[in-house]
Amino acid sequence: MKKTVFFGALTVAGIAAGAASAATLDDVKARGTLNCGVTTGLVGFAAPDANGEWQGFDVAVCRAVAAAVLGDGSAVEFVPTTGKTRFTALASGEIDMLARNTTWTFSRDVDLKFEFTGVNYYDGQGFMIPKELGVSSAKDLDGATVCIQTGTTTELNLADFFRSNNIGYEPVPIETNAEAQQQYLAGACDVYTTDASGLAATRATFEAPGDHVILPEIISKEPLGPLVRHGDPEWGDIVRWTLNALIAAEELGISSTNIEELAAGTNNPEINRILGTEGTLGEMMGLDADWAKRAIAVGGNYGEIFAKNIGESTPIGLARGLNAQWTEGGLLYSPPFR
């Protein structure tokens, strides 16, 4: 079992520029492990299982990158981070990448000097309330107490929504999802607001999930995805194209069950390029020819990862929706591998 490490809050400003290194790939290889920042615990996305092993939708991205770079999807040091500490951990170099339900925004990309490498979940902010309150719309929450994670886009969206609808609220600041769950169930707040996927994941852990309702309003765009520091485009390429490989694999029918067969060669040139039997894509990134094959094999393609961790057959029960392939009416779309 890989140990977990918590880092305290530091000031992000001034750290990012100095911490960016053009040799992250070399550092990861020399260390023999990938330091990947995740949430402190959100079932389905990133949380230790009964054996202490990290599992989840975001965890799978970390493992795919580790498999691509190190040849071992278990060679990951998972670093739990809060909404406040996640950016400091990345900017200071304590982690090599962040895969933690983090929204891609202008200021985070430009001002904080981070590079988002794609979107692995298209989401939006919602509201969860006890069914007994009898509220059917977020616009009827005037005067409610609201549990809200500090240091997040959720905090800003909440203020905008209540202001634009001319209603008031009382914020109840919390640091982690576990704290939010505790406060919400204890009645310290009437409402819990965060990404709709996070609400579904949290509700799935309740003893009586049916006693709680996720309201219909989605009040924001929350494109969630992995990110790295500015200043090392080669490392950004590796994380970006590993995610793209998972997405493209689903579209092209490459799965954990047939990947060995397809890796022997097919009549589809793009499949061959992804799996390394044609071209030199791995060499262009400083990796070997089998990098994408390993990334896909460790946890399956995007669809397999989704279904296993957060899909409709899991307690979380999320439909694909916007996260379906573009060929199925969704937004998932990988650039070509050529």
Stepwise side chain to side chain donor-acceptor pair (under 3.5 Å) test for N177 and T40:
CA-CA 8 Å; N177 186 68; T40 53; over 6 Å; no

side-chain contact (heavy atoms from CB on, under 4.5 Å), that's the test. Do L133 and D190 meet it? Break it down for me.
CA-CA 8 Å; L133 290 183; D190 303 313; 4.2 Å; yes

Please step through salt bridge (Lys or Arg N to Asp or Glu O under 4.0 Å) for the pair K84 and E175, ending with a clear verdict.
CA-CA 8 Å; K84 284 187 174 180; E175 292 283 339; 3.4 Å; yes

Apply side chain to side chain donor-acceptor pair (under 3.5 Å) to residues E222 and T103 and explain how you reach the verdict.
CA-CA 5 Å; E222 306 293 330; T103 303; 2.5 Å; yes

Check the pair Q181, T205 against side chain to side chain donor-acceptor pair (under 3.5 Å), reporting the backbone distance first and the verdict last.
CA-CA 9 Å; Q181 178 176 325; T205 66; 3.2 Å; yes

Starting from the C-alpha separation in whole Å, work towards a yes-or-no answer on side chain to side chain donor-acceptor pair (under 3.5 Å) for E278 and N272.
CA-CA 5 Å; E278 290 183 21; N272 296 341; 2.8 Å; yes

Check the pair F78, R63 against side-chain contact (heavy atoms from CB on, under 4.5 Å), reporting the backbone distance first and the verdict last.
CA-CA 10 Å; F78 292 102; R63 295 197 187 282; 3.6 Å; yes

Can E234 and L25 be said to form a side-chain contact (heavy atoms from CB on, under 4.5 Å), step by step?
CA-CA 8 Å; E234 291 81 6; L25 176 59; over 6 Å; no

Could you walk me through whether F106 and D109 pass the side-chain contact (heavy atoms from CB on, under 4.5 Å) check?
CA-CA 5 Å; F106 182 99; D109 194 317; 5.9 Å; no

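The line from NZ of K139 to CD1 of I167 is 9.0 Å long, rounded to the nearest 0.5 Å. Here the straight-line distance linking atom CG of N35 with atom OG1 of T33 works out to 5.0 Å at 0.5 Å rounding. Once rounded to the nearest 0.5 Å, the distance linking CG of D123 with OG of S220 reads 8.0 Å. Atom CZ in R229 sits 5.5 Å away from atom CG in L90 (nearest 0.5 Å). Residue F337 holds its CZ atom at 7.5 Å from CD of E270, rounded to the nearest 0.5 Å. Between I254 atom CD1 and N258 atom CG the span is 7.5 Å, to the nearest 0.5 Å.
With sequence neighbours excluded, the residues forming a ring-ring contact (aromatic ring centres under 6.0 Å, His included) with F127 are F161, listed by chain and number.
Linking ILVMFWY side-chain heavy atoms closer than 4.5 Å, directly or via other members, places Y122 and I310 in a single hydrophobic cluster. Linking Ile, Leu, Val, Met, Phe, Trp and Tyr residues whenever their side-chain heavy atoms come within less than 4.5 Å leaves L158 and Y184 in two separate clusters. One hydrophobic cluster, built from ILVMFWY side chains closer than 4.5 Å, holds both M97 and Y121. Both L224 and I305 are members of a single hydrophobic cluster when ILVMFWY side chains are connected at heavy-atom separations under 4.5 Å. In the hydrophobic clustering of this structure, W104 groups with L98; members are Ile, Leu, Val, Met, Phe, Trp, Tyr whose side-chain heavy atoms approach within less than 4.5 Å, directly or through other members.
Checking side-chain atoms of D195 against main-chain N and O of G198 turns up no donor-acceptor pair under 3.5 Å. Under a 3.5 Å cut-off, the side chain of T39 and the backbone N or O of L42 do not form any donor-acceptor pair. One N or O on the side chain of R86 and one on the backbone of G83 form a donor-acceptor pair closer than 3.5 Å. The closest donor-acceptor contact from the side chain of D140 to the backbone of G134 lies at 3.5 Å or more, if one exists at all. Although no hydrogens or angles enter the test, the distance criterion places no donor-acceptor pair under 3.5 Å between the side chain of N51 and the main chain of E53. Between the side chain of T193 and the backbone N or O of G126, at least one donor-acceptor pair lies under 3.5 Å. Using modelled atom types, one side-chain atom of T117 and one backbone atom of P226 make a donor-acceptor pair closer than 3.5 Å. Under the 3.5 Å distance criterion, the side-chain polar atoms of D232 are matched with a main-chain donor or acceptor of W235. With hydrogens and angles ignored, the 3.5 Å screen pairs no side-chain donor or acceptor of T280 with any backbone N or O of E283. For N157 (side chain) and T153 (main-chain N/O), a donor-acceptor pair under 3.5 Å exists by modelled atom type.
F114 and H230 make their closest contact through O-NE2, 2.8 Å (heavy atoms, listed as atom of the first residue, atom of the second, distance). Nearest approach of Q325 to R320, heavy atoms of both residues: N-NH2, 4.0 Å. Between F87 and L112, the shortest heavy-atom contact is CD1-CD1, 4.0 Å. Between G236 and V228, the shortest heavy-atom distance links the atoms CA-CG2, 3.9 Å. Residues N120 and N323 come closest through the heavy atom pair O-OD1, 4.3 Å. Looking at every heavy atom in both residues, L215 comes nearest to I129 through CD2-CD1, 3.9 Å.
Within the 4.5 Å cutoff, the side chain of F162 has heavy atoms near those of the L141 side chain. Side-chain contact between L275 and I259: present, with at least one pair of heavy atoms (C-beta onward) separated by less than 4.5 Å. The shortest distance between side-chain heavy atoms of F206 and M128 falls below 4.5 Å. Side chains of P335 and W241 form a contact here, defined as non-hydrogen atoms less than 4.5 Å apart. Taking 4.5 Å as the limit, some side-chain heavy atom of I238 sits within range of a side-chain heavy atom of V69. Contact check for I95 versus C36: no side-chain heavy atoms found under the 4.5 Å cut-off. Residues T102 and L227 form a side-chain contact, since some pair of their non-hydrogen atoms from C-beta on lies under 4.5 Å apart.
Between the side chains of N268 and T266, no donor-acceptor pair is found at a separation under 3.5 Å. Side chains of S255 and E304: no donor on one and acceptor on the other come within 3.5 Å. Between the side chains of T194 and Q125, not a single donor N or O lies within less than 3.5 Å of an accepting N or O. No side-chain N or O of N301 forms a donor-acceptor pair with one of S256 less than 3.5 Å apart. Under 3.5 Å, the side chains of T88 and T85 contain no donor-acceptor pair of N or O atoms.
Using a cut-off of 4.0 Å between Lys/Arg side-chain N and Asp/Glu carboxylate O, R31 and D96 are scored as salt-bridged. A salt bridge links R240 and D237; the closest N-O separation between the charged side-chain nitrogens and carboxylate oxygens is under 4.0 Å. One finds a salt bridge joining R294 and D288 here, because a Lys/Arg side-chain nitrogen approaches an Asp/Glu carboxylate oxygen to under 4.0 Å.
Annotation for K29: atom NZ counts as buried by contact number, over 12 foreign heavy atoms lying within 6.0 Å. Within 6.0 Å of the CG atom in N166, the count of heavy atoms belonging to other residues, nucleotides or ligands does not exceed 12.
Here V172 sits alone; no ILVMFWY side chain lies under 4.5 Å from its own, so it joins no hydrophobic cluster. W326 belongs to a hydrophobic cluster with Y333, counting contacts under 4.5 Å between side-chain heavy atoms of Ile, Leu, Val, Met, Phe, Trp and Tyr, direct or through other members.
Annotation: H212 is not in aromatic contact with Y192 [ring centroid separation under 6.0 Å not met].
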